[in-house]
Every structure is written in structure tokens, then in C-alpha cells.
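See below for the structure under consideration.
Throughout, a chain's letter reflects where its sequence line sits, starting with A, and its residues are numbered from 1. All of these numbers come straight from a predicted model, not from anything done at the bench.
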Number of protein chains: 2
Amino acid sequence: MSAPLLGVDLGGTSTKLLLGRPGPDGAEPLEQTQVPTPRGPGALDLLADRVQAFLAGRTVAAAGVTVPGLLDGDGVVTRSVNLPWLDGVAVGDVLGTALGVPVVAVHDGRAAARAEAVLGAGRGHADVYVLTLGTGIAGAQVIGGQVLAGAHLSAGEVGHVSQDDHGRLCSCGQRGCLETLVGAEHLARRWQEVLAAEGSTPQTAPTARDLVEAARAGHPGASAVLDQATTALARALLALLATVDPGLVVVGGGLGQAADVVVAPAVVKLTERATFHSVPPVVPSALGPWAGAWGAVLGAADQR
Amino acid sequence: MSAPLLGVDLGGTSTKLLLGRPGPDGAEPLEQTQVPTPRGPGALDLLADRVQAFLAGRTVAAAGVTVPGLLDGDGVVTRSVNLPWLDGVAVGDVLGTALGVPVVAVHDGRAAARAEAVLGAGRGHADVYVLTLGTGIAGAQVIGGQVLAGAHLSAGEVGHVSQDDHGRLCSCGQRGCLETLVGAEHLARRWQEVLAAEGSTPQTAPTARDLVEAARAGHPGASAVLDQATTALARALLALLATVDPGLVVVGGGLGQAADVVVAPAVVKLTERATFHSVPPVVPSALGPWAGAWGAVLGAADQR
């Protein structure tokens, strides 16, 4: 059997290391661990040391590393908000030299979506749309195992499609975007407003998770906020079905896990509103926090 | 030089025949003609006779035929509203037997979009979105020369994305679809309503073309109708940019030709509203009514 592949998922605070082989059985890791992300100049040398310690002498055929930021065509980071010392660095080349194997740098979000589609909940489907519901909302169309990144690498910004020109201001500068109705921070703010209107002042700022729990507990104000959110999500999914017609939709992210009060009601509304549309199965993501590392492994597999 | 290819664009009333080679110089026909579409049982034998007369003994390497309807994976027509005698017929196989060359059947709209992207206004671009504005509104994403048809062959139904749940009823059963704001029949109806409100009763039912001419002549009511339409078109394009991020948008169809009062104002609004979006060039289609025949030629080229 050929040497395994290494996936490095470089996060803002912690980095995941995964040794595995993508195969017909999907995502079966040989070993995985998590280390603090080294910071500042020399960070990649430190990271290489940690990888060597993790590998403990084992040989890998190739490696992939996710980057939380923009990459140019040569694998050079053009902008990383969370890891600014990577700007201008060819992360794959630097790590590759240190490790002595070919290392490819991949975009973190697209890598995770690709892994979900190829090895996770989308395994076996040729035409998958991966939707991540968190603070931000990101989509990725994965056809034949490849993410359609778009001509300017900005495909899948479905969180920034406006549903209402007079809606709330979005971080992107538009109004009424899906993110202002379903994004976790916006939901938390709306929930805070409901509580304030009731005269309730919680000691800590409420979160989208609190909102989800309040809705589960039957709080009418919480349910009303989520009702508006799931209607917006259903509208966005209908537009997606009409525009790209996926064979399967995989929903991940923190709010994607709230199947009972977020995803399921949205799918009910979607199905009620669908006319000519072919409504595909809508399923939860399967790889969880390891999707990015598996995406790095898939990037490594491309190099062989 | 290899034998040329034959493209047959089977329309509801007339059929276009084109002999050509798709090449680096784009769409250069060797010869083209148009014949009435044979109707009823035996229509394809009659069509084969007309093709033979057109070829006049010249050899072709392969042929493609567009079908105005749905095709299954084996090239059998599952439903053609305009040419019902094709239902259940493997049009490519039947024509291929009659002509003695391999013939592939392709979907008319997707074939035309592919030709525009590969040989027409999109030539040289890897990531093209072709938008056709007519009675219906159809989109097609063409990546690397291939149309993304969607998992259920219904990608590109951007005319049936609702912008307003309380808008006018659309033929698809939804309300407020882009088609109810920009589709030619809806525009004609809105123009008729403007005229009726003014007490004007034209002898023949007004068309979208009349509306375009009235707007060009400075009629405020006509301009107001088109202002609403171009705002809707800009919104739809913004959603498209966020979702699929094309490198180039090619606009065709009858209303697509009204660049001055439809496409250009929509692009101005799009550019004003864009925030994070990369606004690609928006250009008019180039192949005109021969796009379908060239799409059939491209289908034939795939067979070699």
C-alpha cells in the first residue's frame, strides 16, 4: 500500500494534523491530533517541527495545508486576516522544503467543502452543494469532486445575496443579505433585541446557541426569530435549486447542526414553495471539524 | 484537413443546417441554409433527405442535432412540446442511420449557450455565463467549454428566482420571479396596462419590442416599466455574481439586443450596487440565430 498522506488544517488558534488515505470507504484517519497554531515570523518552521514530531519518522507521499485566506495561482498567500504573517508566503513551498515532501496549499473553506462532498456526507454523489451556516454563510458547488471556485475565487457567497433592499445592513455593505437573517451574529443580535423588548437583561451577551435553546424550550419570541430565518433560508435554497440544481445539499456549520429548529423547518418551507424545482436531499455534514484537514489530504492526493 | 461537421438545429417551424469546423477562429461556416421543419411521423426521414440534398455528396465526420425538448441519458426525447412526434424517439440514432454518420442529439438551449461561450462572444474565456432574455429567461454556466446542466437538467432557471413573494404570478407557479419583471410577455402586458391607463387602445396587442421603442422615444410610462425591469435584472445579476462568480456574462435573446434601454442600464445599476462582487464584462451574444446550429456542431465534435 502506498504511503499515507498528511493533511494540515491551519486555523487561527489551533492546527489539526491528520494522517490518512482517502479511499472508497471515505474518511478513515490513521492518526489525528491538534496543536496550537504557531504565530509570527518563524511560525512555519515551528509548525514543521510539530509535524515531524507527529509523524515520528513515518513517511508520507505528499501533504496539503489549508490557509485561512486568499491564495494566488502560485500558492502564495495574498491576504490572511487571521494569520497576517503568512501574507506573501508560499506556505506550501516553505513547508515542503522543511518536510522534504511536496506540499500544496489550499483554501480552507473550499478544502473543507470538497472533503464533505467527496469523503463526507456527499460521498458517492457527483453534484453536491455544501452550505455552511455559521457567523458567515458560505456555499460551495462540488462537481465531480472539484469545487467551482468562480472566476475571481468568490463563488459561493450565497450569504451575501440580498433578499430585501430595505433590510438590515450587512458586513458586505449590502442590505438584507441572507447573512443578516440567518448568520449567527445577526441571530444573536435579534435574540438580544427580543429579550430587551421583554425587559430581560442577561448577564452575558446572548448567542445564536442561546436562541436555538430558547426556541427548543418553546419561547415564542425565539421561535419567531427562527421562523423568519428559516423562511429566508428556504428562499435562498429555492434560488440555489433554480440556479445550480444540485443533486444533494450538505448543511454544516454551527447552525447547520441545529437540524430540528433550523434546517428541518427550512426544508419544509422549501418543499412547500417548490414548483418546477427538483428538491434534492438536504443532509447534515459528516466530517465535522476535521473536514478542512481531509480537504488538505485531498489536495495532497492531487499531487501524486 | 479532416472532414467538416454538420449541425442541425431543429426548430419548431424551421430547421437550420450548418456545415463547419469549430476552430481557433471561432464560428466560420463553410455553408449554411434553412429549411422548413418536417412535421409528423416520417419527419426524420424527410429531414435526412433534406440534409443529403444540402450536403450534395460532401462527406461529414459526424453530426449533431438540437432537440427542442427534454432528452434522457440515451438521447431519447422524453418530452417535446413543440414537436410531439419526437417523443420516445432516439433522434440522433434515427438520423445517424439515415445519414450513415454518428449523430448526437443535444438540448437546444444548452447547445446554443455552449456555442456562444465557446465559439461566440465568450470565446477564449474559461468561465462564461450565458443569459438569454426573451419570453423566457434562461441561464447557462459554461466552464471549460461544458455547460453545467444540473443534477436534474434544470440548472440555469434564473428566470424563476422570485424577487418578491407578493409579486405577479409566474407561469412556474411562483410569484415575483425575474420573468414576471423582465420576460418579454410580462413586459408587453405591463406596457399594455400603461397604455390602457392612459386611455390608449392600440389596434394590435403591444409587444415588448413596442415598449422598447416607446422608451427610446422618451415615453415616461415605458421608461418606468423598463426601469423596474432593469432594477430586477441588476438584482438577478448581483445574485449570480455572488453565487457562481462568472468571468464573463454574455447576454442574448430579443431583449438582450436592446442594449441601450435594457442591458446597459442594468449593468449601471449592477455596478452601483456591487460591494464585494467582482463585476465581469457583460457583452452581447455574437452568433445570433445560428448559435443552436453551432452547438450541434460542437456536439458532433465531441463524437470524433
Worksheet item: Does the side chain of A/Leu148 reach to within under 4.5 Å of the side chain of B/Leu148, using non-hydrogen atoms?
Response: yes
Worksheet item: Highest number of heavy-atom pairs under 4.5 Å with chain B: which of A/Gly139, A/Ser154, A/Gly247?
Response: A/Ser154
Discussion item. Only heavy atoms, only distances under 4.5 angstrom. Which residues in residues 75-84 of chain A are near chain B?
Written reply: none
Worksheet entry | Value rounded to 0.5 Å, distance of NE2 in B/His152 from CG in A/Asp127 | 8.5 Å
Worksheet entry | Between A/Gly150, A/Pro246, A/Ala126, A/Ala149, the one whose heavy-atom pairs under 4.5 Å with chain B are most numerous | A/Gly150
Discussion item. Counting only non-hydrogen atoms closer than 4.5 Å, can you tell me which residues of residues 159-181 of chain B sit against chain A?
Written reply: B/His160, B/Val161, B/Ser162, B/Gln163, B/Asp164, B/Asp165, B/Cys172, B/Gly173, B/Gln174
Response to the item:
Those residues of residues 229-242 of chain B that come under 4.5 Å of chain A on a heavy-atom basis, listed by number, are B/Arg235, B/Leu238, B/Ala239, B/Leu240, B/Leu241, B/Ala242
Worksheet item: Considering all heavy atoms of both residues, which atom of B/Leu153 and which atom of A/Asp245 are nearest to each other, and what is their separation?
Response: N-OD2, 3.2 Å
Fill in: Residue-level interface, residues 265-278 of chain B with chain A, non-hydrogen cut-off under 4.5 Å
B/Arg273, B/Thr275, B/Phe276, B/His277, B/Ser278
Worksheet item: More than 12 non-hydrogen atoms from neighbouring residues, nucleotides or ligands closer than 6.0 Å to CD on B/Gln303, yes or no?
Response: yes
